[in-house]
Amino acid sequence: MINITLPDGSVKQFESGASPMDVAKSISEGLARNVISADFNGTTIETSTALTTDGALVLYTWNDKEGKKAFWHSTSHVMAQVLEELYPGLKLTLGPAIDNGFYYDIDFADAKIVEADFKKIEDRILEVSREKHEFTMRSVSKAAALELYKDNEFKTELITNLEDGTITFCDHATFTDLCRGGHIPNTGIIKAVKIMSLAGAYWRGNEKNKQLTRVYGISFPKQKDLTEYLELLEEAKRRDHRKLGKELELFAFSQKVGQGLPLWLPKGAALRDRLEQFLKKAQKKAGYEQVVTPHIGQKELYVTSGHYAKYGADSFQPITTPAEGEEFLLKPMNCPHHCEIYNTKPWSYKDLPKRYAEFGTVYRYEQSGELHGLTRVRGFTQDDAHIFCTPDQLDQEFKNVIDLVLYVFGSLGFENFTAQISLRDQENREKYIGSDENWEKAENAIINAAKDKGLQTVVAYGEAAFYGPKLDFMVKDALGRQWQLGTIQVDYNLPERFELTYKGSDNELHTPVMIHRAPFGSMERFIAILIEHTGGNFPLWLMPEQAIILCLSEKYEIYAKKVLNLLENHEIRALIDNRNESIGRKIRDAEMQKTPFMLIVGEEEEKNNTISIRRHGQEGKGNVTVTIEEFAAIVNDEISKTLKVFNVE
Ligand SMILES: [Zn+2]
Ligand SMILES: [Zn+2]
């Protein structure tokens, strides 16, 4: 008998040779129907693999990431089989699952695959799948494996690098592939498939090697899932921040200025400024002090902080000056500067915590292939702050930072998030600096603070930075995609490197603890995510223009100006569209700009001192006629629903 430990900690006994599927059946028929992949002692196995030792077993279904991975990787086998049939003589290389689907890198030799072939490939994959072929793994000697692939230099290279005795093949139907394993029970559950696209890819990612064709695909257990996925992709395209950023005139890039260096246009700059003011206001209440530091610093500063070792060689190179030996770096982080601000004065424990905040712009040299709109750039502004406190204050400071992060998320409509508590690797504690006592204090501070604030948390061992544990906020956007936004990190390293001290109640000098935190992360990335989350329909308090006044004809321009003035008195941001265009055209353009309120003015409105309101995206709902006072009340009421006042407990 063998003892199988399940994820809930329970231990069940089985005959040696029982498979994960047998284990699933012993739990419930329903589970057995849904299990598509398994993990035994940390290694992916087949659901049919015979278990012969004690160990920990995890069963996965389509709802798990690992289940999807097995599903998609298995589909790549079926696709490879079909492609081999349709393009005889092709050479297969590697076909892994990815975050959304799978791909296979293939040398098509003289044949050429084109988009018009996709439908035929999809149909044949489904035809093969319906035959319910099982995936079976078998061990093959190195010699036999090399013999089978003697005409395929790619697989030969892969096999050459493997140890004899560890080489396995996977068979299904008439198809065989070199594979480590991790498949679904049979092809029958593949019910929908889509070949997504083709791309060029060098063998092993090296441009000196042969260029292969990468065939991307995705598959699902239900046709409905595929339809939904494709709709989501369309919606993501419509919401792409690069597209909306252009249409809404928020930001731009210029080849002359340089790749990855965003230019904020007036509307974008105003939006960004509004976000900054919003956070500054809350931070002031929370006891932060605003500081300003330069964009460059002496190279030595970053050698001391350790950032030079981390970013130096792969980043922007030092700036030299006419003075011999003098070198500056564009700052990759604000922290060293803030440490030096702390160091300008001796501190007593009674003075702490000190909380220095700065919207600090930093520069990191990302590879040009990695650049992406505002989410990956070479210059960006962090909503950075560093808190210097005593170890005893850590608990409270952490809770305060969580309050601030939750306030930020709430005001911007991010309701769906989890907090990842990143702790030390429990086995391997040597790689972390700082005493066990301090680590325990910090880890407990984070765990308690998260619990105290009722956060939905996941614990990730081994994910802490080498200098301290952290709390990362993972936010789900309106399309269900997950982003890492705010982060809070505890740091014992920098205070030591910069020899920061405070005088304790014992009159001795002690090293303070440092908290790095950024609720937005960076302004660029945050705004990109906010654009995609809201589709450009920002919360009303943040909208570049909250209202646009549309004149029915130029006769009403004077009245429109009067309305604009009154709106300004109510601090409502508005514009007049006095172009010589039809009202229909003006409405369409305002809809494009996603302006929340269109205020139509004509003869009736002028006579009665009113405006007719039409809301963005509510075509056909009919306009409501109100006075300016009533409109101001509507706007303020809506704003106060999202933008609450930040209160410190
Ligand atoms: Zn495989
Ligand atoms: Zn920092």
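On a predicted model such as this, the values are computed, not experimentally measured, just so you know. The basis for the numbers below is simple: all heavy atoms, side chains too, and nothing from hydrogens, waters or symmetry mates.
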Say you draw a straight line from [atom1] of [X] to [atom2] of [Y]; how long is it, rounded to the nearest 0.5 Å?
X: Ile184; Y: Phe71; atom1: CD1; atom2: CZ; answer: 5.0 Å
X: Arg517; Y: Asn400; atom1: CZ; atom2: CG; answer: 11.5 Å
X: Ser76; Y: Ile125; atom1: OG; atom2: CD1; answer: 9.5 Å
X: Tyr363; Y: Phe316; atom1: OH; atom2: CZ; answer: 9.0 Å
X: Asp225; Y: Lys191; atom1: CG; atom2: NZ; answer: 11.5 Å
X: Asn569; Y: Ile628; atom1: CG; atom2: CD1; answer: 10.5 Å

Could you check whether atom [atom1] of [X] has more than 12 heavy atoms from other residues, nucleotides or ligands sitting under 6.0 Å from it?
X: Lys476; atom1: NZ; result: no
X: Glu591; atom1: CD; result: yes
X: Lys194; atom1: NZ; result: no
X: Glu603; atom1: CD; result: no
X: Asn580; atom1: CG; result: no
X: Lys69; atom1: NZ; result: no
X: Gln277; atom1: CD; result: yes

Just to verify, what does [X] make a side chain to side chain donor-acceptor pair (under 3.5 Å) with, not counting sequence neighbours?
X: Asn334; result: Lys331, Gln382, Asp384
X: Glu370; result: Arg376
X: Trp483; result: Asp477
X: Ser553; result: none

Taking the side chain as every heavy atom from C-beta outward, state whether [X] and [Y] have any atom pair closer than 4.5 Å.
X: Ile447; Y: Thr457; value: no
X: Leu599; Y: Leu567; value: yes
X: Glu606; Y: Val601; value: no
X: Val624; Y: Arg615; value: no
X: His295; Y: Thr361; value: yes
X: Tyr103; Y: Pro96; value: yes
X: Ile600; Y: Ile587; value: yes
X: Ser612; Y: Thr625; value: yes

Quick one: ring pair (Phe, Tyr, Trp, His ring centres under 6.0 Å) partners of Phe220, sequence neighbours excluded?
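Ring pair (Phe, Tyr, Trp, His ring centres under 6.0 Å) list for Phe220, sorted by chain: Trp62, Tyr229.
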
Residues forming a ring pair (Phe, Tyr, Trp, His ring centres under 6.0 Å) with His338, sequence neighbours excluded
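Listed in chain order: His386.
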
Under the side-chain contact (heavy atoms from CB on, under 4.5 Å) rule, what do Asp273 and Phe359 come out as? Steps first, then yes or no, please.
CA-CA 11 Å; Asp273 184 55; Phe359 286 90; over 6 Å; no

Might you work through the side-chain contact (heavy atoms from CB on, under 4.5 Å) test for Phe398 and Ile446, ending with a clear yes or no?
CA-CA 7 Å; Phe398 221 91; Ile446 296 182; 3.3 Å; yes

Write down the atom of [X], the atom of [Y], and the distance for their closest heavy-atom approach.
X: Ala286; Y: Phe646; answer: CB-CE2, 3.9 Å
X: Met523; Y: Leu275; answer: CE-CB, 3.8 Å
X: Pro262; Y: Gly260; answer: CD-O, 3.4 Å
X: Asp383; Y: Ser522; answer: OD1-N, 4.2 Å
X: Tyr407; Y: Val645; answer: CE1-C, 4.0 Å

Residues which pass salt bridge (Lys or Arg N to Asp or Glu O under 4.0 Å) with [X], listed by chain and number, not counting sequence neighbours:
X: Asp491; answer: none
X: Arg355; answer: Glu397
X: Asp105; answer: Arg214

May I have the list of side-chain donor-acceptor pairs in residues 535-545 shorter than 3.5 Å, sequence neighbours left out?
residue: Asn537; atom: OD1; partner: His616; partner atom: NE2; Å: 3.1
residue: Trp541; atom: NE1; partner: Ser411; partner atom: O; Å: 3.0

Please test Phe253 against Leu374 for side-chain contact (heavy atoms from CB on, under 4.5 Å), starting from the C-alpha separation and ending with a verdict.
CA-CA 10 Å; Phe253 288 92; Leu374 290 183; 4.1 Å; yes

Taking ring-ring contact (aromatic ring centres under 6.0 Å, His included) as the criterion, tell me which of Phe414, Phe409, Phe417 meets it with His533.
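Only one of Phe414, Phe409, Phe417 forms a ring-ring contact (aromatic ring centres under 6.0 Å, His included) with His533, namely Phe414.
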
Classify the side-chain pair Glu629/Thr627 by whether it contains a donor and acceptor separated by less than 3.5 Å.
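Short answer, no.
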
Applying the side-chain contact (heavy atoms from CB on, under 4.5 Å) test to Met598, which of Asp589, Ile611, Ile548, Asn623 qualifies?
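The residue from Asp589, Ile611, Ile548, Asn623 that satisfies side-chain contact (heavy atoms from CB on, under 4.5 Å) with Met598 turns out to be Ile548.
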
Pair listing, salt bridge (Lys or Arg N to Asp or Glu O under 4.0 Å) test, anchored in residues 248-265, at least two apart
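Output for this query is empty, none listed.
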
Between Lys119 and Glu122 (salt bridge meaning N to carboxylate O under 4.0 Å), is one present in this structure?
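Looking at Lys119 and Glu122, the cut-off is not met.
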
Are the charged groups of Asp637 and Lys641 less than 4.0 angstrom apart, N to O?
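Here Asp637 pairs with Lys641 in a salt bridge, since their nearest N and O are under 4.0 Å apart.
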
What donor-acceptor contacts under 3.5 angstrom involve side-chain atoms of residues 524-532, with partners at least two apart or in another chain?
residue: Glu524; atom: OE1; partner: Thr381; partner atom: N; Å: 2.9
residue: Glu524; atom: OE2; partner: Arg272; partner atom: NH1; Å: 2.9
residue: Arg525; atom: NH2; partner: Gln484; partner atom: O; Å: 2.8
residue: Glu532; atom: OE1; partner: Arg481; partner atom: NH1; Å: 3.2
residue: Glu532; atom: OE1; partner: Arg481; partner atom: NH2; Å: 3.1
residue: Glu532; atom: OE2; partner: His241; partner atom: N; Å: 2.8
residue: Glu532; atom: OE2; partner: His241; partner atom: ND1; Å: 2.9

Is there a side-chain contact (heavy atoms from CB on, under 4.5 Å) between Leu455 and Leu471 once you walk through the steps?
CA-CA 11 Å; Leu455 296 180; Leu471 189 67; 4.2 Å; yes

Partner of Asp240 under side-chain hydrogen bond (donor to acceptor under 3.5 Å, both in side chains), chosen from Arg238, Arg242, Lys243:
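Among the candidates, only Arg242 passes.
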
Would Arg378 count as a cation-pi partner of Tyr365, with NZ or CZ less than 6.0 Å from the six-membered ring centre and within 45° of the ring normal?
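Ring-cation test returns yes.
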
